[in-house]
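Taking it in order: structure first as structure tokens, then the write-up.
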Amino acid sequence: VQLQASGGGLLQAGGSLRLSCAASGFSLDLKYYAIGWFRQAPGKEREGLACNNFMGGQLYYSDSAKGRFTVSRDNTKNTAYLQMDGLRPDDTAIHYCAATDTGYGCHKGGQRISEYYHWGQGTLVTVSS
């Protein structure tokens, strides 16, 4: 089972991107999983951006994402999305999606990266000034 993150690219500051996260071959029914979005910039640790819990509830946004990023899902397509608006050069990173059904991966107060065990390969977002 593998998640596939896509939608990254190169753009100027202030622009928008929508990242997608799909389970390969519909082998993972994402509506029963918490979906987390993370990023890792060169030389930095992986950080959590946002997540939503089973059936799309319990949204969480990090301070970096709040007000600019929006998580959503389309269960008919078994796909999750991260809409990113107002992108800045410090958003430049490889962005990942991940899934967990442990029940502890996502809540209003935060997300636990250690709880996620299905990971996508990541998609690169580069924002120029």
Side-chain angles (χ1 to χ4, degrees):
V1 174
Q2 187 170 0
L3 295 175
Q4 296 175 328
S6 60
L10 170 64
L11 72 165
Q12 291 187 328
S16 297
L17 280 176
R18 188 177 76 160
L19 305 184
S20 299
C21 176
S24 59
F26 280 79
S27 55
L28 192 67
D29 193 337
L30 295 183
K31 66 176 176 285
Y32 298 117
Y33 288 77
I35 302 296
W37 291 91
F38 304 85
R39 70 184 180 190
Q40 188 164 19
K44 295 187 177 181
E45 291 187 357
R46 193 168 296 188
E47 66 167 322
L49 289 174
C51 62
N52 61 0
N53 216 329
F54 310 105
M55 306 301 287
Q58 290 286 335
L59 296 176
Y60 164 77
Y61 295 95
S62 69
D63 288 342
S64 298
K66 203 171 296 181
R68 299 189 300 134
F69 298 175
T70 305
V71 294
S72 63
R73 301 181 186 225
D74 185 340
N75 290 332
T76 64
K77 296 181 179 179
N78 204 28
T79 301
Y81 302 97
L82 179 68
Q83 176 69 38
M84 303 189 296
D85 300 314
L87 284 162
R88 309 183 300 230
D90 62 358
D91 292 315
T92 295
I94 299 174
H95 287 64
Y96 301 88
C97 63
T100 179
D101 63 353
T102 67
Y104 299 102
C106 180
H107 55 89
K108 289 182 178 179
Q111 54 188 137
R112 294 185 187 177
I113 188 171
S114 61
E115 293 292 326
Y116 291 84
Y117 57 92
H118 291 299
W119 286 86
Q121 290 185 326
T123 184
L124 178 62
V125 174
T126 304
V127 185
S128 63
S129 58

For this session: Indicate the ring-plane relationship of His118 and Tyr33, choosing parallel, tilted or perpendicular according to the 30° and 60° boundaries.
Result: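 Ring orientation, 0 to 90° scale: perpendicular.
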Quick one: [atom1] on [X] to [atom2] on [Y], what's the gap to the nearest 0.5 Å?
{"X": "Ser129", "Y": "Gln12", "atom1": "OG", "atom2": "CD", "value": "9.0 Å"}
{"X": "Glu47", "Y": "Asp63", "atom1": "CD", "atom2": "CG", "value": "10.0 Å"}
{"X": "Arg73", "Y": "Ile35", "atom1": "CZ", "atom2": "CD1", "value": "4.5 Å"}
{"X": "His95", "Y": "Phe69", "atom1": "NE2", "atom2": "CZ", "value": "5.5 Å"}
{"X": "Asn53", "Y": "Lys108", "atom1": "CG", "atom2": "NZ", "value": "11.0 Å"}
{"X": "Leu82", "Y": "Thr70", "atom1": "CG", "atom2": "OG1", "value": "8.0 Å"}

Exercise. Taking atom OH of Tyr104 as the centre, does the number of heavy atoms from other residues, nucleotides or ligands within less than 6.0 Å exceed 12?
Worked result: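 Not more than 12 within 6.0 Å, no.
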Problem set entry | Neighbour count above 12 (heavy atom, 6.0 Å) for Gln121 CD | no
Exercise. With hydrophobic residues grouped by side-chain heavy-atom distances under 4.5 Å, do Leu87 and Leu10 end up in a single group?
Worked result: no
Looking only at heavy atoms, what is the nearest atom pair of [X] and [Y], with distance?
{"X": "Arg68", "Y": "Asp91", "value": "NH1-OD2, 2.7 Å"}
{"X": "Leu59", "Y": "Asn52", "value": "CD2-CB, 3.2 Å"}
{"X": "His107", "Y": "Tyr60", "value": "O-CB, 3.3 Å"}
{"X": "Trp37", "Y": "Ala80", "value": "CZ2-O, 3.8 Å"}
{"X": "Tyr116", "Y": "Ala34", "value": "CE2-O, 3.8 Å"}
{"X": "Phe38", "Y": "Gly48", "value": "CD2-CA, 3.4 Å"}

Is the backbone N or O of [Y] less than 3.5 Å from a side-chain atom of [X], with the two atoms forming a donor-acceptor pair by type?
{"X": "Tyr96", "Y": "Ala5", "answer": "no"}
{"X": "Thr92", "Y": "Val127", "answer": "yes"}
{"X": "Ser62", "Y": "Leu49", "answer": "yes"}

For this session: Could you list all the disulfide bond (SG atoms under 2.5 Å apart) pairs where at least one residue sits in residues 69-129, not counting sequence neighbours?
Result: Cys21-Cys97, Cys51-Cys106
Exercise. Are Glu115 and Thr102 linked by a side-chain donor-acceptor pair shorter than 3.5 Å?
Worked result: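 Short answer, yes.
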For this session: Please report the C-alpha distance between Leu30 and Thr79 in whole Å, then the side-chain angles of each, then the deciding distance to 0.1 Å, and finally whether the side-chain contact (heavy atoms from CB on, under 4.5 Å) criterion is met.
Result: CA-CA 7 Å; Leu30 295 183; Thr79 301; 5.7 Å; no
For this session: Kindly indicate whether a cation-pi arrangement holds for Arg18 with Tyr81, taking the cut-offs as under 6.0 Å to the six-membered ring centre and within 45° of the axis.
Result: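 Ring-cation test returns yes.
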Exercise. Stepwise, does the side-chain contact (heavy atoms from CB on, under 4.5 Å) test hold for Ser64 with Arg39?
Worked result: CA-CA 11 Å; Ser64 298; Arg39 70 184 180 190; 3.7 Å; yes
